[in-house]
Structure formats: C-alpha cells, structure tokens
Amino acid sequence: MKRAWFIVWALVVYQVAAWAFAPQKPAEPARPTDGPGYGTNEAIFVDGRARTRREATLAFEIPYGSRCAGEGRKRFIGSVSGYYYRRQNEAERYPETFGRPGADYITKQWSTGEDKRLERLTQEAYAQGYLQPSDFDDVARKTVEAVVRGERVTVRACAN
C-alpha cells in the first residue's frame with residue numbers, strides 16, 4: 001500500500017514540475033481591425049489631445065527670459081515634451097492597434113491648424129536656441145527632430 005501511494009505521489013510531483021517548467025507558448029499579437037480607426041473610448045483621448053495642445057501653447061507663452069533656467073525652463077520643456085511624446089506615441093500605437101484606418105485617423109487628428117502652429121513655434125524656439133532635440137526623451141525626440149529638420153539655429157539664447 002505504501003508503495004502505491006509513493007507512486008501516486010511521484011506522478012503528481014512529476015506532473016506539477018512538468019507543468020511549472022514547461023516553456024510557454026508566445027501570445028499572438030493582436031491583429032489590427034478594419035474598423036473606424038479608434039476604440040470606443042476615443043472621446044477621452046480627443047479631450048486629452050486638446051488639453052495637451054493647450055498646455056503646449058501655454059508653454060510657448062512663458063516669457064523668453066524664463067525659458068533658459070529654473071522652473072520656467074522645466075515647465076517649458078516639460079509641456080512641449082508632453083505634447084510631442086503623446087503625438088509620437090499615438091502615431092505609433094494607433095496603426096498597431098487599428099491598422100491602416102488607425103494610421104489615417106491619428107494622422108488627421110495631429111494635423112490640425114493648432115498643431116501646425118505648435119510646429120512653427122517649436123521651429124522658432126529651436127532657431128532661437130531655446131530648445132534642442134536632446135532636451136527630449138527618445139519618444140518625443142523623434143517628432144521634434146522631424147519638426148526642426150531643415151531649421152537653422154541663428155541665436156543661442158540659452159547658451160551656457
């Protein structure tokens with residue numbers, strides 16, 4: 001009888017060990033859908049984009065003298081970075097999630113007149129030396145570099 005219990009116990013331990021240490025099958029990536037290009041909670045994201053644009057616009061209203069150091073600089077770079085981070089992140093994520101309709105949709109969302117104005121303000125701030133692509137993290141830097149490509153720095157307002 002002891003021998004039978006030992007064999008049952010050994011089989012249970014073997015099954016648990018085999019299950020615990022077996023390699024996992026990789027999860028299949030989500031397939032893009034052919035829907036409208038956005039999800040059911042898109043209204044929240046639309047509102048978030050408007051707030052992000054508003055914060056970036058306010059950052060460009062910071063007095064020029066405050067853009068180079070201290071809290072003014074931190075606020076200026078932080079707000080502009082937040083805008084470009086969100087823009088670049090959504091430009092990458094929407095096509096992954098929603099396929100071609102998502103790519104078309106998000107491109108249109110970040111092509112408003114206000115976005116064009118923010119791009120021009122960014123180009124001017126770059127040309128005047130108030131910001132440079134290295135001020136931004138990797139995600140935001142991708143879009144900032146594209147926006148300031150072709151611009152020439154004419155003044156070094158924040159030169160140390």
Side-chain angles (χ1 to χ4, degrees), residues 20 22-160:
Q24 299 253 342
K25 294 180 185 176
E28 280 190 39
R31 297 180 187 260
T33 63
D34 289 332
Y38 53 87
T40 56
N41 57 352
E42 184 61 22
I44 296 168
F45 295 116
V46 169
D47 183 52
R49 281 184 215 109
R51 275 195 317 274
T52 302
R53 286 183 187 103
R54 194 169 32 254
E55 290 170 14
T57 300
L58 291 173
F60 284 107
E61 293 176 4
I62 292 174
Y64 290 105
S66 299
R67 292 182 182 184
C68 293
E71 284 300 312
R73 173 112 181 126
K74 188 175 177 180
R75 182 173 163 228
F76 176 65
I77 295 298
S79 295
V80 174
S81 179
Y83 169 77
Y84 284 111
Y85 179 92
R86 182 176 191 141
R87 183 172 163 172
Q88 179 63 34
N89 188 49
E90 288 185 358
E92 292 173 1
R93 299 291 88 74
Y94 273 67
E96 287 176 2
T97 306
F98 304 107
R100 188 72 189 147
D104 294 342
Y105 172 78
I106 205 61
T107 298
K108 184 178 178 183
Q109 292 299 303
W110 288 110
S111 300
T112 68
E114 196 169 351
D115 294 311
K116 299 298 180 201
R117 179 174 180 257
L118 287 168
E119 288 175 10
R120 188 65 212 145
L121 290 169
T122 301
Q123 292 165 346
E124 290 172 6
Y126 172 76
Q128 295 168 356
Y130 290 108
L131 60 80
Q132 52 191 333
S134 62
D135 292 332
F136 302 94
D137 66 20
D138 292 340
V139 176
R141 186 177 307 132
K142 290 177 187 178
T143 305
V144 171
E145 285 175 344
V147 167
V148 299
R149 187 175 292 124
E151 291 295 318
R152 198 177 58 153
V153 177
T154 56
V155 180
R156 299 240 181 243
C158 293
N160 294 330

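Counting heavy atoms from C-beta outward, Val147 and Tyr84 have side chains that approach closer than 4.5 Å. The closest side-chain heavy-atom distance from Leu118 to Phe60 is below 4.5 Å. In this structure the side chain of Tyr105 reaches within 4.5 angstrom of the side chain of Glu42, judged on heavy atoms.
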Query raised in the report: So Tyr94 and Gln109, side chain to side chain donor-acceptor pair (under 3.5 Å) or not? Walk me through it.
Result: CA-CA 11 Å; Tyr94 273 67; Gln109 292 299 303; over 6 Å; no
Requested in this report: Apply the test salt bridge (charged side-chain N to carboxylate O under 4.0 Å, His left out) to residues Arg120 and Glu151: give CA-CA distance (whole Å), side-chain angles for both, the deciding distance (0.1 Å), then the verdict.
Outcome: CA-CA 10 Å; Arg120 188 65 212 145; Glu151 291 295 318; 3.4 Å; yes
Query raised in the report: Between Tyr64 and Gln128, is a side chain to side chain contact (heavy atoms under 4.5 Å, CB included) present by the stated rule, with each step listed?
Result: CA-CA 10 Å; Tyr64 290 105; Gln128 295 168 356; 3.8 Å; yes
Requested in this report: Apply salt bridge (charged side-chain N to carboxylate O under 4.0 Å, His left out) to the pair Lys108 and Asp104, showing each step before the final yes or no.
Outcome: CA-CA 6 Å; Lys108 184 178 178 183; Asp104 294 342; over 6 Å; no
Query raised in the report: Under the salt bridge (charged side-chain N to carboxylate O under 4.0 Å, His left out) criterion, do Glu114 and Arg54 qualify, and how do the steps go?
Result: CA-CA 9 Å; Glu114 196 169 351; Arg54 194 169 32 254; over 6 Å; no
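Atom CG in Asp115 sits 10.0 Å away from atom CZ in Arg49 (nearest 0.5 Å).
Side chain of Asn41 to backbone of Ile44: no donor-acceptor contact under 3.5 angstrom is found. Formation of a donor-acceptor pair under 3.5 Å by the Ser81 side chain with backbone atoms of Phe136 is not found in this model.
A salt bridge (charged side-chain N to carboxylate O under 4.0 Å, His left out) check over residues 80-89, counting only residues at least two apart or in different chains, returns the pairs Arg86-Glu90, Arg87-Glu119.
Here Trp110 and Tyr83 bring their ring centres to under 6.0 angstrom of each other.
By the neighbour-count criterion of 12 heavy atoms within 6.0 Å, atom CZ of Arg117 is sparsely surrounded, having that number or fewer from other residues, nucleotides or ligands.
In this view, Arg51 and Asp47 satisfy the salt bridge (Lys or Arg N to Asp or Glu O under 4.0 Å) rule, not counting sequence neighbours.
Taking every heavy atom of both residues into account, Arg53 and Thr112 meet most closely at NE-OG1, 3.8 Å. Across Thr52 and Gly82, no two heavy atoms sit closer than the pair CG2-O, 3.9 Å. Contact record, Ala59 with Val80: CB-CG2, 4.2 Å, taken as the closest heavy-atom pair. Contact detail for Ser66 and Ile62: the closest heavy-atom pair is CB-CG2, 3.7 Å.
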For residues 72-79, please give each side-chain donor-acceptor pair under 3.5 Å, one per line with the distance, not counting sequence neighbours.
from, atom 1, to, atom 2, distance (Å)
Arg73, NH1, Arg67, O, 3.1
Arg73, NH1, Tyr130, O, 2.6
Arg73, NH2, Asp135, OD1, 3.4
Arg73, NH2, Asp135, OD2, 2.8
Ser79, OG, Arg75, O, 3.1

